[in-house]
Each structure stands twice: as structure tokens, then as C-alpha cells.
K.L.:
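Got a structure here, written out as C-alpha cells. Questions coming.
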Amino acid sequence: MVIKSVFLAFIGFGGGIAVGSGFVAFLTVLGIIPRLMQLSKTFCYIRGYEWSVILGAVLGGWVNLKDISFHLSPLLLVPIGAFCGVFVGMLAAALTEVLNVMPILAKRIGMGERLLVILMAIVLGKVLGSLFHWMVYVNQ
């Protein structure tokens with residue numbers, strides 16, 4: 001029984017190291033955080049970005065392992081959800097800009113001068129799709 005527990009702990013630790021390394025490589029190689037700081041002009045908050053990523057990964061993993069649920073007021077969940085959405089949106093925007101996805105897509109489909117239209121279509125589609133999902137499927 002002890003050997004089985006040690007073996008499972010070893011496998012879990014190894015998996016955590018592999019996933020953590022991949023996450024750090026993703027953020028480092030693509031330069032997501034520096035590009036996000038450059039776009040938002042918030043270089044003075046670099047330590048805040050670092051600690052946010054570290055604490056978010058550690059606390060998120062811990063809450064996931066412990067199966068903890070928070071019973072919060074819906075009024076408190078609205079700003080939390082908004083901040084989460086803003087973070088994911090800015091991270092996705094930084095990733096697409098780093099990879100130059102949008103300019104390449106616009107040139108390939110012949111809409112280079114209408115890049116703003118493409119971006120707004122993606123944003124509105126994401127917002128409407130998310131609202132539809134939460135209002136229709138989650139309430140069933």
C-alpha cells in the first residue's frame with residue numbers, strides 16, 4: 001500500500017512538472033506576457049504579472065485537486081466573470097498578435113483593408129456564443 005501511494009505521488013509530481021514546463025514554455029517562447037504588457041502599456045506592473053501567473057497556476061491546481069466550490073453571491077460573480085473574460089480575451093489577442101494570425105488571414109481571404117471588420121466579427125461572435133451557451137444550455 002505504501003509503495004502504491006509513493007508510486008502515485010511520483011507519477012503525479014512528474015505529470016505536474018511536465019504540464020508546468022509546457023505552460024512556462026508556452027508563455028516564454030511566444031512572449032505572451034511581455035506582449036500583453038506592451039499592448040496595455042503596463043510595464044511597471046511586471047512583478048504583478050509574474051505573481052499572478054504563478055499564484056493562478058498554483059491555486060488553480062490546488063482548488064482543482066481539492067474539489068472546492070465557493071458559494072458566492074451572484075452580484076460578486078458578475079465582476080469576477082468579467083475580469084476572467086477580459087483576461088482570457090487579452091491573452092487570446094496577445095497570442096494571435098504574436099503569431100500574426102489576423103494579418104495573414106486577412107491577406108489570404110483578400111480582406112486586408114477590412115481587418116477591423118474581421119476582428120469585430122470574431123469578438124461579437126464570441127460574446128454572442130458565450131451568452132447563448134450560458135443562457136440556454138446552463139439553465140436546462
Side-chain angles (χ1 to χ4, degrees):
M1 185 68 173
V2 173
I3 294 174
K4 183 178 179 181
S5 296
V6 169
F7 185 66
L8 286 175
F10 181 73
I11 289 176
F13 183 73
I17 293 293
V19 171
S21 300
F23 180 67
V24 170
F26 171 74
L27 292 176
T28 304
V29 170
L30 294 178
I32 299 295
I33 302 297
R35 185 65 181 144
L36 185 62
M37 286 187 302
Q38 183 181 10
L39 289 174
S40 61
K41 296 178 179 68
T42 54
F43 289 107
C44 58
Y45 299 116
I46 189 166
R47 295 285 181 220
Y49 280 106
E50 291 173 353
W51 280 105
S52 296
V53 170
I54 292 167
L55 290 175
V58 170
L59 292 176
W62 183 74
V63 168
N64 192 19
L65 287 175
K66 293 292 184 183
D67 197 27
I68 295 174
S69 62
F70 299 104
H71 303 286
L72 301 173
S73 165
L75 294 175
L76 186 60
L77 292 177
V78 170
I80 291 172
F83 286 134
C84 291
V86 167
F87 173 75
V88 170
M90 288 183 70
L91 193 64
L95 178 62
T96 56
E97 187 162 334
V98 166
L99 296 177
N100 291 328
V101 171
M102 292 303 151
I104 293 171
L105 174 69
K107 287 179 186 176
R108 294 266 170 116
I109 63 174
M111 294 184 67
E113 66 280 350
R114 297 198 178 161
L115 188 59
L116 183 62
V117 174
I118 295 171
L119 290 173
M120 290 308 295
I122 291 171
V123 168
L124 292 175
K126 177 69 176 167
V127 168
L128 293 175
S130 297
L131 288 174
F132 179 76
H133 172 77
W134 285 106
M135 291 180 173
V136 174
Y137 290 113
V138 173
N139 290 329
Q140 292 181 356

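Numbers for residues simply follow the sequence, beginning at 1.
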K.L.:
For Ile3, is the CD1 atom crowded, meaning more than 12 foreign heavy atoms sit under 6.0 Å from it?
P.N.:
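Check fails, neighbour count at 12 or below.
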K.L.:
Okay, side chain of Thr42, backbone of Gln38: is any donor-acceptor separation there less than 3.5 Å?
P.N.:
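Looks like no, no N/O pair under 3.5 Å.
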K.L.:
With a 4.5 Å limit on heavy-atom distance, are the side chains of Met37 and Tyr49 in contact?
P.N.:
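They are in side-chain contact.
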K.L.:
Count the heavy atoms belonging to other residues, nucleotides or ligands that lie under 6.0 Å from CG of Leu77, then report whether that count exceeds 12.
P.N.:
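Yes, CG of Leu77 has more than 12 neighbouring heavy atoms, counting only those of other groups under 6.0 Å.
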K.L.:
Do Tyr45 and Phe43 belong to the same hydrophobic cluster, where Ile, Leu, Val, Met, Phe, Trp and Tyr are linked whenever their side-chain heavy atoms lie under 4.5 Å apart, directly or via other members?
P.N.:
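Tyr45 and Phe43: one cluster.
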K.L.:
Do Val53 and Val58 share a hydrophobic cluster, counting only Ile, Leu, Val, Met, Phe, Trp and Tyr and linking them when any side-chain heavy atoms are less than 4.5 Å apart?
P.N.:
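They do not share one cluster, since no chain of ILVMFWY contacts under 4.5 Å joins Val53 to Val58.
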K.L.:
With the side chain counted from C-beta on, respond yes when Val136 and Leu131 share a heavy-atom pair under 4.5 Å apart, and no when they do not.
P.N.:
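A side-chain contact under 4.5 Å is absent here.
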K.L.:
Membership question, hydrophobic clusters at under 4.5 Å side-chain separation (ILVMFWY): are Ile54 and Val63 in the same one?
P.N.:
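Per the 4.5 Å side-chain linkage, Val63 and Ile54 are not co-clustered.
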K.L.:
Roughly how far apart are Leu128 CG and Met135 CE, rounded to 0.5 Å?
P.N.:
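Rounded to the nearest 0.5 Å, the CG-CE separation comes to 10.0 Å.
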